[in-house]
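Everything on this sheet refers to the single structure shown next.
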Amino acid sequence: MTRIAGIAAALMFLCTTAAATEAPERADVTATTCAELAEGTELDRAFSLLFYYGYLAGREGITVIDPDAVPGHLEAVRDFCNANPDSSVIDAFVSALQT
């Protein structure tokens with residue numbers, strides 16, 4: 001399995017079933033809450049998780065990503081969001097990437 005396929009598989013593993021809602025045409029990615037992310041479809045959540053991972057990497061100047069660490073980071077994001085649904089997704093990623 002390629003690293004990209006492994007990351008995609010990890011994303012699908014982390015996605016939980018939630019009610020599907022229509023995504024807004026525009027969204028402030030810094031204000032999106034964990035609860036709002038959970039309301040999306042599996043595909044929306046998987047796309048969003050990849051987006052946020054890249055967004056935070058760019059924001060923090062991270063140019064090297066360890067693909068073996070990605071599943072653990074995404075699990076930490078999921079755990080943070082489950083415990084803090086009113087927190088922003090950005091806060092979940094910041095917390096996860098500090099572990």
* **N/O donor-acceptor pair under 3.5 Å between S48 side chain and D44 backbone** => yes
* Asked: How long is the gap from OG on S95 to CD1 on I90, to the nearest 0.5 Å?
  -> 12.5 Å
* Parallel, tilted or perpendicular: ring planes of F51 versus Y55, cut at 30 and 60 degrees -> parallel
* Side-chain heavy-atom pair T33, V89 within 4.5 angstrom cut-off -> no
* Output, in order, the C-alpha distance, side-chain angles, deciding distance and verdict of side chain to side chain contact (heavy atoms under 4.5 Å, CB included) for D91 and F80. => CA-CA 9 Å; D91 288 342; F80 181 96; 4.3 Å; yes
* **Gap separating the CG atom of L37 from the OG atom of S87, nearest 0.5 angstrom** => 12.5 Å
* D66 side chain reached by H73 side chain, heavy atoms, under 4.5 Å -> no
* Asked: Parallel, tilted or perpendicular: which fits the ring planes of Y53 and F93, with parallel below 30° and perpendicular above 60°?
  -> perpendicular
* Structure fact -> Heavy atoms of S88 and C34 approach each other most closely as O-SG, 4.0 Å
* Asked: Are the side chain of E60 and the backbone N or O of A57 linked by a donor-acceptor pair below 3.5 Å?
  -> no
* Donor-acceptor pair, N84 side chain versus D86 backbone, under 3.5 Å? -> no
